[in-house]
Each structure stands twice: as C-alpha cells, then as structure tokens.
There are 2 protein chains.
Amino acid sequence: MPSPAPDASAPADSTPARLVRAAHEVVCEVGLAGTSARAIAQRAGVNQALIFYHFGTVSELLEAASDAAITASIDHYRAAFDGADSLDELVAVARSLQARERTIGNVTYMAQMLSGAQSDPVLARAARSAIVTWSTEVRRVLDRILGNGPLAGLVDPRGLAHLVSAGFIGIELYDIADPDGAAAAVDTLESIGRLVDVLDDLGPVARRALKARTDRSTRTKLRQRTVTR
Amino acid sequence: MPSPAPDASAPADSTPARLVRAAHEVVCEVGLAGTSARAIAQRAGVNQALIFYHFGTVSELLEAASDAAITASIDHYRAAFDGADSLDELVAVARSLQARERTIGNVTYMAQMLSGAQSDPVLARAARSAIVTWSTEVRRVLDRILGNGPLAGLVDPRGLAHLVSAGFIGIELYDIADPDGAAAAVDTLESIGRLVDVLDDLGPVARRALKARTDRSTRTKLRQRTVTR
DNA sequence: GTCTATAAGATGATAGAC
DNA sequence: GTCTATCATCTTATAGAC
C-alpha cells in the first residue's frame, strides 16, 4: 500500500476521489458482475494501473466507495431524521430518502456489496460496516420515536432497525427485476406505517387493552407450540 | 449438505440434472462472482463443454436452476401455506420455510440472481420469473387469511406480498454479512406478525374505531401534504 | 453425448519508463 | 503520480475426435 488510505477528504478532483466516484457509478449501472478495474478507470478517465497504486486492489476501491457513500448519505439525512416526530413522518422521510438513494444508487450499491460478500472478504467487510452504520442510525431514530409509545415494549428497536434496513435492500434488489412490484411494496410499507402510527397514538386505555391482549396471545401461542412439540 | 432437489423433469442422474444441481450449489456457496462454467462442471463431475451443449450458455443454466428450485420449493410448501389460518400461523410457516430455504440456499440463490440481473438479461428474466411465481403464491395466502378481517381494506395484499418477498431477500442478503442482525430482524418480524394478528382479531366495534381513525389520519396527512406543497 | 484441445478475449496485477 | 506495456491467469465458447 504505497498510498495513504482511502481519503474521502481529498480534493474533489484528485485521482483517488475520481476513482471512488467512478467505482460507485460503474457498480450501480452494471452491477458487480460488470465491474472491472478497466471499466472503472475508463469511467474516471485515468489509467487502470492507478487503481492498484492508490487502493491496492479493486475490492479495496469498492470498499472505499462504499464507506464514502454511506457517510455522505447519513450526513445528508441526519437533520430530516431528527425532525421526524412520528412513525408516519419517519416513513415519509424514509420514502424521500429512498427516492434520493435510488437516483444516487446507494442502496443498489450496498445490495451489490452484500451479494459480493459471499465470495470476497473485503466486500464482506465493506458490507458489514455499511450495515452497522445504517442500522445504528435507524435504531437511534426508532428509539426516540417509539420512545414511550405502546409499541415500545412490544417491538425490539434493534431488530426493527435491521428489519427496516433489510427491507430497503430487498426492495431495491426487487426493483431491478420488477419495478412495479417494488413500487407496490413501498406503497404498502407506507400504509402500514400509517396504520401503526394510529395504533401508536391510541389512548392509555386502549394501550393497556392491546398490551394485555398481545401478552395473552403470546402466552397462548407459546403454550400451543410447547404442546405440539 | 442437502440437495436443492431441483427435478428438471429428467432422470435425477442425467447430466443436465447434475449440472442444474451443481449450479445451484456453486452459486449458493461462492456467489455469482465465484461461479463459472468450470466451477459448475467440476462440481457436477462432468466436462465443462457439456454446459454449453445442454444449456447454450452459463446464464441459461443458472436460469434453469432457478426455475427448478422455485417450483420445487413451492410444491413443498403449498400444503403448509394452505393449512395456515391466521397471520400468526402464516408467520410460523414462513419462519420454518425460511429456515429450510436457508439450509437449501434458495433465497440466497434468488438474491444472487437479482444482483446479477443488473448486467445479465437472462438472469434478469430468471429473477423476474421467480418473483412473479413467489409473490403470486404469497398473495394467494394473504388474500385468504386477511380475507375479511379489519386489515383487508387497509393493506393492499399484492403490495404486501411483494413487501414480504422483498423482506426475505433482504434478510438473506443481510445474513451473509451480519447473521446476528438478520436473526434479530426475523425475530422482530415474528413479533410484528403476532401484534398484527391480535389487531386482526379485534371485535367489530374496535375495527370500526380503528378504521375511522386510520381514515381520519390518512385524510389529515394528505391535506398536510397538499398544503405544504 | 461426452470428451480433448484450443481459440479469442477479458481480468487482476506488476515492472519500469518518465 | 501517471503512464505504457506486459504477464499469467481466467473466462466463455467452439471444433472436432470418439
């Protein structure tokens, strides 16, 4: 590694920065299968050998591009996240976020990293880092919004954060092959968010009723499960 | 390692059948990036040239393997699907299905097809076919279970089917990089299913209240959105 | 149908001139 | 830091013997 680490803080027109940008574009447009050192270099308008000079391997360049995209996105949306005060508003933010990320291609990029993780440990590391960063952020917001609503005790915020993230990934992959189906999925997610929001807005009496009911149901299911085993 | 049991309507030990099985295994183990004609042929114990003789291209072999896996899985689970009478039971079936599909690798396989769809039209066709087949099946079950519950009018079954399918894909991809996070997501999905089940089990009075409340909320949000625009 | 051999090209990565 | 040129290897796919 003859060069300094993936410096995203470098001049916007430096060769490393150009390569990072080009790598992101190529992966989003043709997927991991269509990505190569030559394709990225050509897009960046530089020589192919510079990838290895600056990043060591192609995978490490892809990792740097992943890190840069994640931090840029989170910085961009942190304000909107912090401004959301209800689940419904959060879903609205999520929708706008998804629309933006889609045009930028970040979710696609992450999906490609995840699929490449199966055969490339460097991409696996990039994907894991992206997951941790995103779900930590999502969880932070969910913790605040669900805070002391009736759902707080019923749903695990950490699991929900992962579920939401995984849902985004899945929907984006879905969108590659079936845009209409993906759109329908997003619409449904939005209507569910609205529904849950109503639920979260119930008065204390209804809350207690719901909680009692859920607990009873849970116990029943568990008993049934134990018996049938 | 259990076989995917992709019965390609040919003798189970014919070369095409062996290739289909081998293709499935290789993609699941090393991902699309690590998959090649040679890798598949070696796994099948036959010569590489036979892939092109029997299937034309590697992509078409992968497509055949996808189709075989999907139909085999759906056949295997149709009975369990039809036996589920509540959302909670459906989630239980889904969980057992996911456990099985994970060891077999079908969801992983589909995720890889989806990610490859971005640069390969044949894989895109395979992925699209898989999506249509699965979401049609899921929708059929959801239509029956949500039937005339209070959620029937509030959530679009088609969108929900796609959302569930996309969720599975996302979770499986997630699992490659972060197994703990994926497990937490599945747990949360299960608890949500239980919660919704309770909701779906409410009496008519509560139903009307919920519906009125949801409608009101929807109108409000729409008005807010119109105003702010 | 199955094999060997090989074509024709793309790939990651390196050496060395400037 | 950036380039040209190149290597060794891998890829899909085909030709032709059996």
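This is a predicted model, so every value here is computed, not measured. By convention in this document, chain letters (A, B, ...) are assigned in the order of the sequence lines, proteins followed by strands, and residues within each chain are numbered from 1. Computation of the quantities below employed the complete heavy-atom set of this structure, encompassing side-chain atoms and omitting hydrogens, waters and symmetry-equivalent molecules.
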* Nearest-0.5 Å distance, OG of residue Ser73(B) to CD of residue Glu101(B) ->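 The CD atom of Glu101(B) is 3.0 Å from OG of Ser73(B), to the nearest 0.5 Å.
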With the side chain of [X] defined as its heavy atoms from C-beta on, choose the nearest nucleotide among [options].
X	options	value
Leu50(A)	dT2(D), dG12(C), dT2(C)	dT2(D)
Ser36(A)	dG1(D), dA13(D), dG12(C)	dG12(C)
Val58(B)	dA13(D), dG12(C), dT2(D)	dA13(D)
Asn47(A)	dC3(D), dC3(C), dT2(D)	dC3(D)
Ala49(A)	dT11(D), dC3(D), dT11(C)	dC3(D)
Val46(A)	dA13(C), dA13(D), dC3(D)	dC3(D)

What integer distance in Å separates [X]:[atom1] from [N]:[atom2]?
X	N	atom1	atom2	result
Ile51(B)	dT2(C)	CD1	P	13 Å
Gln42(B)	dC10(D)	CD	P	12 Å
Arg18(A)	dT2(D)	CZ	C1'	13 Å
Arg38(A)	dT11(C)	CZ	P	7 Å
Phe52(B)	dT6(C)	CZ	P	18 Å
Gln48(A)	dT6(D)	CD	P	14 Å
His54(B)	dG1(C)	NE2	C1'	6 Å
Ile40(B)	dA13(D)	CD1	C1'	14 Å

* To do: Test Ile51(A) against Thr57(A) for side-chain contact (heavy atoms from CB on, under 4.5 Å), laying out the working first.
  => CA-CA 7 Å; Ile51(A) 288 175; Thr57(A) 65; over 6 Å; no
* **Side-chain donor/acceptor of Gln118(A) to backbone N/O of Ile176(B), under 3.5 Å** => no
* Asked: Between Asp187(A) and Arg158(B), does at least one N-O distance fall below 4.0 Å, as a salt bridge requires?
  -> no
* Asked: Only one of Glu29(B), Arg21(B), Arg18(B) forms a side-chain contact (heavy atoms from CB on, under 4.5 Å) with Arg43(B), so which one is it?
  ->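 Of the listed residues Glu29(B), Arg21(B), Arg18(B), the side-chain contact (heavy atoms from CB on, under 4.5 Å) partner of Arg43(B) is Glu29(B).
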* Asked: Counting just side-chain N and O atoms, does Thr15(B) come under 4.0 Å of either OP1 or OP2 of dT2(C)?
  -> yes
